Amino acid sequence: MENILSSLNAPQIEAVEHTDGPLLVLAGAGTGKTKVLTTRIAHILYQGLAQPNQVMAVTFTNKAAREMVERIQALMGRPMPGMWLGTFHSLCVRILRKHPEFAGLNRDFSIIDGDDQNRLCKQILTEKGLDIKKWPARQMVNTISRFKDNAWYPSDVPETEGRNFDGKIIYLYEEYQKRLGINNACDFGDLLLKVVKLFKENAELLGKYQNWFKYVLVDEYQDTNAVQYMLIRLLTMAHKNICVVGDDDQSIYAWRGAQVGNILRFERDFPGCKVVKLEQNYRSTSNILKAASSLIANNKERHSKTLWSEQGEGAKIEVHPLWDGKEEARMVADRIEREVGEGKTYHDMAVLLRTAAQTRSLEEMFVKMHIPYTIVGGLKFYDRKEIKDAIAYLRLVNSEKDGLAFERIVNVPKRGIGESALDNIRTAAGTIGGSLMEGSREAVRVGAAGRAAGKLKDFHQLIDYLRSKKDETTPDRLMELILDQSGYHDMLRGDKNKEEAQGRLENLKELIRAMQEYEDVEAFLEHVSLVMDNEDLETDMIRMTTVHAAKGLEFNMVFLPGFEEGLFPHQRSLNEEGEKGLEEERRLAYVAITRAKKELVISYASSRFMYGHFEPATASRFLEEIPASCTKQVGGGGRQNTWRAGSGSRYDQGDKYGTPLFGREKDYVPNAKPMDKAGASFALGERVFHQKFGYGRVKRQEGSGATEKLTIAFEKAGEKKLLTALAKLTKA
DNA sequence: TAAGCCCATGTTTTT
DNA sequence: CATGGGCTTA
């Protein structure tokens with residue numbers, strides 16, 4: 001233990017050793033906050049101040065939780081079973097499973113995802129006769145989720161907020177909750193809200209938990225919302241052994257109800273609390289740190305702080321102005337290959353993006369160039385249709401009340417149970433006040449099922465049979481049974497689109513394999529609904545992820561494509577939240593930059609293909625907020641003035657044509673890179689040399705200036721199409 | 001009931 | 001562009 005503490009700096013040790021009473025750790029990016037948290041827990045356990053299961057530590061993602069467990073176990077030198085370490089959601093499920101009856105749930109309640117929420121809201125809206133175009137289901141989901149973030153049940157929603165949806169939102173919300181009840185289901189928000197309610201209404205139970213958890217620690221405290229705050233407050237009211245860690249500059253979840261106020265107010269909430277500031281950054285070079293600090297200094301709503309680093313100045317941040325998204329993708333891909341050629345691993349590098357959709361063009365390029373990549377947090381494995389179907393079967397087998405699961409798979413594969421049959425079932429369910437499955441049985445029983453009666457009977461039998469097997473077989477065997485008996489496997493095997501069906505079958509195999517690790521169906525279902533990241537850490541791949549999902553991670557080299565006005569900062573954020581939105585975008589950019597340890601490559605394009613056509617684009621205003629001394633422009637010739645021109649007012653707001661040079665005229669290339677040295681054109685048939693592909697001959701030439709492309713037949717690497725301006729070609 | 005076709009429409013971030 | 005919804009037809 002001694003030598004564990006010796007690897008910490010003075011403020012870190014202070015934080016670790018302050019075990020009793022409230023503690024606020026203000027930890028800048030890369031200052032070792034995870035280290036402090038894990039060492040602090042290890043210290044508490046080592047001193048015998050609490051048993052492992054008497055410490056509660058809340059993290060923001062499951063990944064962070066896993067990492068913390070590992071680090072604590074490494075510090076202690078043995079496994080630490082039973083620790084309450086996880087996300088707010090997973091910890092709350094754990095509590096709810098212990099006392100479902102208090103929360104008005106059955107033990108086997110389902111947890112529904114955004115997809116189900118959407119479908120449920122759509123149903124309610126249509127049923128209640130609201131115009132779905134004017135009031136989209138998605139918006140209803142969001143509104144309700146925000147209510148829940150604020151710990152508002154329908155009766156708590158303030159007057160001013162209730163005007164939404166033609167003044168019907170509270171009524172819709174009530175309806176929504178009613179349906180969740182009938183389905184024996186919770187959405188994400190419910191998981192926390194129900195626990196808070198449980199504690200508020202049940203002082204005795206709360207007392208037990210207060211005594212049980214001797215220490216409570218919260219990571220990323222700046223991103224907690226009102227329910228989360230209440231939960232923490234309730235649990236720690238008695239002993240006040242609470243430690244929160246956070247950085248107001250990294251608050252990026254306001255749109256999800258996060259209240260930076262929670263961290264700014266902590267000292268008032270817990271009078272006499274100790275405050276420790278961590279300001280030595282161990283992650284990044286001083287160039288990167290300086291860029292990030294200068295950027296974030298433009299925010300008004302913040303605590304000022306001084307981060308410093310002993311890592312040396314390091315490489316300058318590269319800024320690449322490029323022609324369009326494709327050229328940008330090529331630059332990133334080429335660069336990655338070059339770095340790998342020079343000894344980096346793919347694992348060392350990451351591409352961080354403002355929006356998930358930006359992965360597309362990069363993906364194409366990576367595939368083309370055979371660069372192994374993985375998209376973290378994009379389309380998740382568990383979001384695939386076949387996986388969701390399979391899980392819906394499992395949910396229905398596990399909990400017959402789960403009507404959302406019922407609807408999803410009652411006619412998958414097609415069994416001739418269509419919309420009209422479903423209508424009958426819904427009516428029957430409504431009449432007896434039961435679930436869809438009950439309604440379905442009822443409809444068949446009283447002869448209200450019409451033509452589909454026989455098919456429904458078969459379906460009931462199928463589910464009954466599967467349920468009878470549930471407890472006598474393992475989850476993976478049960479899933480195989482489901483897929484075989486339901487005809488899902490056969491459906492895919494008979495699919496016309498062989499290739500796609502094959503892929504789906506393989507995904508299902510993968511699912512079954514994953515299920516082998518679980519003791520029972522409940523444990524597996526919980527994992528599915530709450531664990532977002534199924535990252536493949538084994539293989540050496542490029543990580544592509546949104547900035548949001550990159551929180552807490554670090555990489556030697558980071559690429560930040562798409563640094564453009566409207567994209568980063570995102571237009572929508574500016575439109576909807578104005579100055580506040582801009583500040584959150586800036587914090588997001590701050591998070592993005594501070595992920596990099598040694599090298600940072602920022603790029604933007606003049607023309608971006610989106611919504612079906614090319615949009616002119618200009619460099620992000622954030623680039624102007626980074627000191628010139630930290631950056632160097634790469635390529636782009638005369639275009640550097642697009643982002644650094646002193647006063648920064650070249651592009652008046654509202655002047656959509658501020659950049660005529662980036663118009664849609666294909667051949668209008670006023671600021672193209674001048675033909676110089678390496679960029680000079682090559683003659684057809686000329687022999688050239690490329691850093692990566694080696695020797696080759698020019699086969700074809702098209703375009704001119706920045707868009708000039710050469711097709712070159714390389715002797716070893718085959719035929720490649722390259723942009724003259726980018727490819728480092730020399731005459732050979 | 002199901003499949004196929006056309007049109008409109010909307011485009012952030014996630015436990 | 002790419003997805004979803006509404007409509008028509010077999």
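Bear in mind the structure is a predicted one, so any value in this text is a computation, not a measurement. Every chain is numbered from 1 and lettered A, B, ... according to where its sequence line falls, protein lines coming before strand lines.
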Can you tell me the distance, in whole Å, between the [atom1] atom of [X] and the [atom2] atom of [N]?
X      : N      : atom1 : atom2 : answer
A:H570 : B:dT12 : NE2   : C1'   : 5 Å
A:Q571 : B:dG10 : CD    : P     : 17 Å
A:N118 : C:dT3  : CG    : C1'   : 13 Å
A:R138 : B:dT11 : CZ    : C1'   : 13 Å
A:Y590 : B:dT13 : OH    : P     : 24 Å
A:H613 : B:dG10 : NE2   : P     : 14 Å
A:D324 : C:dC1  : CG    : C1'   : 16 Å

Heavy atoms under 4.0 Å, any strand shown: does [X] hit a base, just sugar-phosphate, or nothing?
X      : answer
A:S420 : sugar-phosphate
A:N411 : sugar-phosphate
A:F609 : sugar-phosphate

Task: Pair A:D402 + A:R395, salt bridge at N-O below 4.0 Å - done: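 Salt bridge: yes.
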Task: A:R354 vs B:dT12: side-chain N/O to OP1/OP2 distance below 4.0 Å - done: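 For A:R354, the contact criterion (side-chain N or O under 4.0 Å from OP1 or OP2 of B:dT12) is not met.
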Open item on the list: Would you say A:T355 places a side-chain N or O within less than 4.0 Å of OP1 or OP2 belonging to B:dT11?
Closed with: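 No, no such contact exists.
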Open item on the list: Both A:E576 and A:I417 contact DNA chain B. Taking the nearest nucleotide for each, which residue is further toward the 5' end?
Closed with: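 The residue mapped nearer the 5' terminus is A:I417.
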Open item on the list: On DNA chain B, does the nearest nucleotide to A:R256 precede the nearest nucleotide to A:G416 from the 5' side, or the other way round? Give the residue.
Closed with: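 It is A:G416 whose nearest nucleotide is closer to the 5' end.
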Task: Heavy-atom check, side chain of A:P569 versus side chain of A:S620, under 4.5 Å - done: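 Yes, close enough: below the 4.5 Å cut-off.
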Open item on the list: Say we look at C:dG4 and B:dT13: how far apart would their P atoms be, to the nearest angstrom?
Closed with: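 To the nearest whole Å, 15 Å.
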- [ ] Look at the rings of A:Y518 and A:F524 and say which category their plane angle falls in: under 30° parallel, 30 to 60° tilted, over 60° perpendicular.
- [x]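 Perpendicular.
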Open item on the list: Can you tell me how the ring of A:W84 sits relative to the ring of A:Y209, calling it parallel under 30°, perpendicular over 60° and tilted otherwise?
Closed with: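 Because their plane-to-plane angle is over 60°, the rings of A:W84 and A:Y209 count as perpendicular.
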Task: Selection from B:dT14, B:dT12, B:dT13 that lies nearest to any side-chain heavy atom of A:A356 - done: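 Nearest to the side chain of A:A356 among the choices is B:dT13.
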Task: Aromatic-base stack, A:W255 on B:dT13, cutoff 5.5 Å, angle under 30 - done: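 Yes, the aromatic ring of A:W255 stacks with the base.
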Task: Pair A:T618, A:E565: side-chain N/O donor-acceptor within cut-off below 3.5 Å - done: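 Looking only at side-chain atoms, A:E565 and A:T618 do not form any donor-acceptor pair under 3.5 Å.
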